[in-house]
Novice: 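Dropping the structure in here first, questions after.
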Amino acid sequence: MPVGFIGLGVMGTPMAGHLARAGHRVLGWSRSRRNDAVATAAGIEVIDPLQDVFARCETIILMVANDAAIDSVLARDTPAFGSRVSGRLLLNMGTSAPSFSQALAEQIDVAGGRYVEAPVSGSRLQAEGAQLVVMLAGTEADVSKATSLVEPLGRQCVACGPVPSALQMKLAVNLFLITLVTGLAEAVHFAERHGIALERFAQVLNAGPMASDVSRIKLDKMIRGDFAVQAAVSDVLKNSQLVAAAAQAAGMQAPLIDASDALFARARQMGLGELDMAAVLQAIRQPPGTCEGR
C-alpha cells in the first residue's frame with residue numbers, strides 16, 4: 001500500500017522525498033500546490049483531490065501548518081471524519097498543542113483509527129539532509145510501525161511514551177531552541193553596539209564550548225543579513241506561544257520564553273513573518289514601537 005503525505009511545504013516536501021527514495025510509494029497532497037513540481041521531481045506522486053489520499057492509503061502522514069489545518073484535512077467534526085480515519089494509521093509530524101493532540105487521539109480511536117504523534121526537531125536544512133530527530137508517542141505497536149516508516153527522515157527516532165508525551169518533549173526542545181537563538185541575536189547586537197567586529201565575534205564563539213550547529217548557522221545568517229527561510233519567524237512565534245501556554249498550564253514560570261515570544265511577535269509586526277527566525281535580530285535592533293522591517 002502507498003503512504004499518504006499531506007502537507008508538501010518547506011519541511012514536508014524534502015521529508016516525503018526521502019520516503020520515496022527509501023522505496024516507498026508516496027502519494028502527496030498540498031493545499032497550496034506551490035511545490036508540486038519539486039515534489040514530482042523527488043519521486044512523489046502528487047494527487048488531487050484530497051479524498052483520494054485517504055481512499056488509497058492505510059498510513060497517512062500529516063505535516064501541516066497548525067491544528068486548524070489538521071481539522072480541515074481530516075474533516076473533523078463532520079460525517080466524513082470517520083471514513084477518513086477508520087482503519088488507518090495517522091502520523092502527526094507537525095507541532096500541535098498537547099491538549100489538542102490528546103483529544104484528537106481519543107477521537108480517532110473511537111472512530112476505529114490509530115494515531116501517533118511524531119513531531120520533529122530540526123528545520124529545513126535538517127529535513128533536506130535527513131538529519132531530523134523524530135519524537136514518537138502512541139501505543140507501543142503503533143510507535144514501532146511508525147518508527148520503521150520514518151527512520152529514513154532523520155538521525156534518530158525517540159519513543160517518548162503515550163500521547164501527548166512526544167509533543168511535550170518537542171515543546172521542551174523548542175523552549176531551548178527559541179531562547180538560544182534569541183540570546184544569540186541579543187549577543188550579536190551587543191557586539192555591534194560595542195564596535196566588535198562580528199567576524200571576530202564569530203571566531204571566538206564558534207571555537208568555544210557554547211558553539212553548536214544552530215549557533216553557527218544562525219550566527220552566520222545574522223552576520224550576512226541572510227534571512228532566507230529555514231524556520232520562519234511566524235512559525236517560531238506559533239511554537240513560542242504553544243510553549244508559553246503549556247508552561248502556564250503547568251503553573252510554572254517561563255520568563256525566557258515570555259521575553260522571546262514578545263520579540264518574535266514584534267518581528268512579525270515589523271513584516272518579518274516569512275523570514276528566517278534569525279531575523280529576530282531586527283526586532284532587537286529596532287526600539288519598541290518601530291515598524292520598519294526588511
Side-chain angles (χ1 to χ4, degrees), residues 5-22 26 28-44 46 61-66 69 91-96 118-135 150-157 166-167 170-171 173-182 184-185 212-240 242-243 260 264 267-268 271-282 294:
F5 201 107
I6 296 174
L8 300 175
V10 170
M11 297 282 288
T13 300
M15 291 166 66
H18 289 309
L19 291 178
R21 282 186 287 275
V26 181
W29 181 89
S30 177
R31 178 178 284 106
S32 73
R33 312 298 299 272
R34 189 178 301 119
N35 293 324
D36 282 5
V38 176
T40 300
I44 302 159
V46 179
I61 294 173
L62 306 174
M63 190 62 181
V64 296
N66 49 44
L91 280 66
N92 177 15
M93 300 199 75
T95 304
S96 303
V120 300
S121 178
S123 59
R124 178 177 60 84
L125 285 181
Q126 289 74 37
E128 291 174 345
Q131 292 296 302
L132 297 168
V133 177
V134 186
M135 296 152 277
V150 301
E151 279 179 334
L153 305 183
R155 65 174 69 180
Q156 190 170 1
C157 295
L167 280 164
K170 172 68 186 291
L171 295 185
V173 170
N174 277 359
L175 192 159
F176 179 60
L177 169 65
I178 294 167
T179 56
L180 171 69
V181 174
T182 307
L184 178 64
S212 66
D213 289 346
V214 170
S215 70
R216 290 188 182 95
I217 291 169
K218 298 306 181 188
L219 178 57
D220 179 66
K221 291 178 77 67
M222 291 175 191
I223 290 174
R224 293 187 295 110
D226 169 20
F227 301 131
V229 68
Q230 296 170 349
V233 163
S234 57
D235 292 332
V236 174
L237 178 59
K238 182 198 84 169
N239 279 270
S240 68
L242 288 174
V243 173
S260 297
F264 277 96
R268 187 175 66 177
L272 308 176
E274 300 310 308
L275 301 185
D276 187 74
M277 68 185 298
V280 74
L281 173 62
Q282 302 289 64
R294 302 166 192 265

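Note that this is a predicted model, so its numbers are computed, not measured.
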Novice: Measuring from Leu171:CG to Leu177:CG, what's the distance to the nearest 0.5 Å?
Specialist: 12.0 Å
Novice: For Gly154, does its backbone N or O pair with a side-chain atom of His18 as donor and acceptor, under 3.5 Å?
Specialist: no
Novice: Any idea which heavy atoms bring Ala39 and Val46 closest together, and the distance?
Specialist: CB-CG2, 3.8 Å
Novice: Between Leu281 and Ala185, which heavy-atom pair has the shortest distance, and what is it?
Specialist: CD1-O, 3.4 Å
Novice: Measuring from Leu242:CG to Leu237:CG, what's the distance to the nearest 0.5 Å?
Specialist: 9.5 Å
Novice: Mind running side chain to side chain contact (heavy atoms under 4.5 Å, CB included) on Leu132 and Met15 for me, showing each step along the way?
Specialist: CA-CA 9 Å; Leu132 297 168; Met15 291 166 66; 3.9 Å; yes
Novice: Do Pro152 and Arg21 have side chains that approach each other closer than 4.5 Å (heavy atoms only, starting at C-beta)?
Specialist: no
Novice: Atom CG of Asn239 and atom OG of Ser260: how far apart are they, to the nearest 0.5 Å?
Specialist: 12.5 Å
Novice: Working to the nearest 0.5 angstrom, can you tell me the gap between Ile6 CD1 and Arg31 CZ?
Specialist: 10.0 Å
Novice: Distance check, rounded to the nearest 0.5 Å: Leu125 atom CG versus Gln230 atom CD?
Specialist: 4.0 Å
Novice: How close do Ala42 and Ala20 get, counting heavy atoms only, and between which atoms?
Specialist: O-CB, 3.8 Å
Novice: Does Asp226 form a side chain to side chain contact (heavy atoms under 4.5 Å, CB included) with Asp276? I'd like the steps, not just the answer.
Specialist: CA-CA 8 Å; Asp226 169 20; Asp276 187 74; over 6 Å; no
Novice: Determine whether a donor-acceptor pair (N or O, by modelled atom type, separation under 3.5 Å) exists between the side chain of Lys170 and the backbone of Val120.
Specialist: yes
Novice: Do you know the tightest heavy-atom contact between Leu184 and Leu219?
Specialist: CD2-N, 3.7 Å
Novice: Determine whether Lys218 and Leu180 satisfy the following criterion, side chain to side chain contact (heavy atoms under 4.5 Å, CB included), listing intermediate values before the conclusion.
Specialist: CA-CA 10 Å; Lys218 298 306 181 188; Leu180 171 69; over 6 Å; no
Novice: Please report the interatomic distance CG(Leu8) to CE(Met63), rounded to the nearest 0.5 Å.
Specialist: 11.0 Å
Novice: How close do Leu272 and Ala279 get, counting heavy atoms only, and between which atoms?
Specialist: CD1-O, 3.7 Å
Novice: Give the minimum heavy-atom separation between Val233 and Arg268, together with the two atoms involved.
Specialist: CG1-N, 4.1 Å
Novice: Using a 4.5 Å cut-off on heavy atoms from C-beta on, say whether the side chain of Gln126 contacts that of Asp213.
Specialist: no
Novice: Which residue is it: Ile44, Thr13, Leu91, Leu19? I am looking for the one with a side-chain contact (heavy atoms from CB on, under 4.5 Å) to Phe5.
Specialist: Leu19
